[in-house]
Participant: 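Let me begin by handing over the structure; questions about it come next.
We name chains A, B, ... by the order of the sequence lines, and we start the count at 1 in each one.
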There are 2 protein chains.
Amino acid sequence: MGATKTDHFTDRQNQLALLAKALGHPARIAIIDYLLKVDACICGDIVNELPLAQPTVSQHLKELKNAGLIQGNIEGNAICYCINENALNDLQQFFTSIATSLEKKKSGCC
Amino acid sequence: MGATKTDHFTDRQNQLALLAKALGHPARIAIIDYLLKVDACICGDIVNELPLAQPTVSQHLKELKNAGLIQGNIEGNAICYCINENALNDLQQFFTSIATSLEKKKSGCC
DNA sequence: AAACTTAATCGTAATATTGCAATATACAAA
DNA sequence: TTTGTATATTGCAATATTACGATTAAGTTT
């Protein structure tokens with residue numbers, strides 16, 4: 001066991017879970033925060049910002065990239081990472097639709 | 001290792017990561033979907049909706065509850081689960097602020 | 001009380017994640 | 001070409017997650 005049963009859920013559910021999972025670690029939230037803070041999409045000094053070793057940061061960046069939350073452009077021997085708006089829009093839409101859905105109900109029971 | 005270094009990040013980063021992590025599984029997205037779909041906050045037939053055994057569902061519910069995303073009220077020998085608006089508002093706010101932040105920049109570089 | 005229902009917990013196996021040292025790769029500069 | 005810089009990959013240990021059968025706990029019904 002230990003393997004998620006993705007095939008029993010809808011594509012949308014799997015996709016949202018994938019995005020949420022990628023954000024399910026404080027270091028990766030911190031990376032997103034940092035990419036938003038710096039004006040240009042500054043490169044590898046993400047490593048300096050975080051209290052983690054370079055290989056660990058590299059791994060977190062890879063996961064964010066795999067989930068489609070960020071993208072990286074090669075610039076000389078450095079790599080420039082930045083946020084992928086589309087993925088974040090998906091998430092925003094999910095939560096907005098939940099919010100409006102909850103609004104309509106006005107507290108069902110609990 | 002394998003243990004997350006939560007103490008090196010801000011409370012907000014840890015809290016957001018905790019919420020995102022709780023949603024980082026398709027079954028738990030499906031549970032949220034279901035709780036939104038049914039009008040009253042119907043109880044344990046969540047188990048019937050999902051392709052997972054009862055103990056597994058119970059475990060997922062526990063995680064959603066621990067993260068503060070849902071709450072459960074005892075009703076006879078059944079338990080009535082429903083969504084906690086506050087937690088979802090936090091998440092919505094996070095993504096909305098990201099969206100507006102990205103809007104301002106109009107594609108920094110990548 | 002005995003039988004049934006609902007949901008949590010325990011125990012355990014399979015797998016995934018986190019973190020880092022060591023190493024590799026790729027480009028730049030000297 | 002050697003040296004330096006930036007990032008990725010590998011390998012591994014510690015820990016966490018996922019899933020479920022078996023059992024337990026608590027309420028309901030008969």
Participant: Please report the distance, rounded to the nearest Å, between CG in B:Asn48 and C1' in C:dT6.
Facilitator: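 Distance, rounded to whole Å: 11 Å.
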Participant: Need to verify one output field. Residue with the more 5' nearest nucleotide on DNA chain D, B:Ala53 or B:Lys21?
Facilitator: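 That would be B:Lys21.
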Participant: Over how many whole Å does the gap from B:Ile31 atom CD1 to C:dA7 atom C1' extend?
Facilitator: 13 Å
Participant: Measure the distance from CG on A:Asn66 to C1' on D:dT9 and round it to the nearest whole Å.
Facilitator: 14 Å
Participant: Angle between ring planes, B:His60 versus B:His25, binned at 30° and 60°: parallel, tilted or perpendicular?
Facilitator: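 Tilted.
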Participant: Return the value, rounded to whole Å, for the distance between atom CG of A:Leu61 and atom P of D:dA6.
Facilitator: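 One finds 15 Å between P of D:dA6 and CG of A:Leu61, rounded.
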Participant: Assign each of A:Leu52 and A:Ile74 to its nearest nucleotide of DNA chain C by heavy atoms, then name whichever residue's nucleotide is nearer the 5' end.
Facilitator: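 The answer here is A:Leu52.
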Participant: Rounded at 0.5 Å granularity, tell me how far CD1 in B:Ile29 sits from CD in A:Gln15.
Facilitator: 10.5 Å
Participant: Atom CG of A:Leu23 to atom P of C:dT17: distance rounded to whole Å?
Facilitator: 15 Å
Participant: Please tell me whether A:Leu61 and A:Leu18 are part of a single hydrophobic cluster in this structure, the criterion being side-chain heavy atoms less than 4.5 Å apart.
Facilitator: no
Participant: Before you tell me yes or no, could you show the steps for B:Leu23 and A:Phe95 under side-chain contact (heavy atoms from CB on, under 4.5 Å), namely the whole-Å CA-CA distance, both residues' side-chain angles and the distance that decides it to 0.1 Å?
Facilitator: CA-CA 11 Å; B:Leu23 291 174; A:Phe95 290 109; 3.6 Å; yes
Participant: For A:Thr56 and for B:Ala78, find the nucleotide of DNA chain C with the closest heavy atom, then tell me which residue's nucleotide is more 5'.
Facilitator: B:Ala78
Participant: Look at A:Tyr81 and D:dA6 and indicate whether a side-chain polar atom (N or O) is within less than 4.0 Å of OP1 or OP2.
Facilitator: no
Participant: Indicate whether OP1 or OP2 belonging to C:dG19 is found under 4.0 Å from a side-chain N or O atom of A:His60.
Facilitator: yes
Participant: Ignoring hydrogens and geometry beyond distance, is the side chain of B:Gln54 in donor-acceptor contact with the base of C:dA8 at under 3.5 Å?
Facilitator: yes
Participant: When you measure from the side chain of A:Glu63, which nucleotide among C:dT18, D:dT18, D:dA6 comes out closest?
Facilitator: C:dT18
Participant: Of all the nucleotides listed (D:dT18, C:dA8, C:dT18), which has the minimum atom distance to the side chain of B:Ile79?
Facilitator: C:dA8
Participant: Would you kindly give the NZ-to-P distance between A:Lys62 and C:dG19, to the nearest whole Å?
Facilitator: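 The answer, rounded to whole Å, is 16 Å.
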Participant: For B:Glu75 and C:dA8, what is the distance between atoms CD and P respectively, to the nearest whole Å?
Facilitator: 13 Å
Participant: Taking NE2 from A:His25 and C1' from C:dG19, how many angstroms apart are they, rounded to a whole number?
Facilitator: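 Rounded to the whole Å, the gap is 9 Å.
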Participant: With the side chain of A:Gln59 defined as its heavy atoms from C-beta on, choose the nearest nucleotide among C:dG19, C:dT17, C:dT9.
Facilitator: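 Among the listed nucleotides, the one closest to the side chain of A:Gln59 is C:dG19.
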Participant: Answer yes or no: side-chain N or O of B:Asn77 and base N or O of D:dT28 forming a donor-acceptor pair under 3.5 Å.
Facilitator: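 For B:Asn77, whose side chain was compared with the base of D:dT28, there is no donor-acceptor pair (under 3.5 Å).
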Participant: Which pair of non-hydrogen atoms, one from A:Lys37 and one from A:Glu49, has the smallest distance, and what is that distance?
Facilitator: NZ-OE1, 4.0 Å
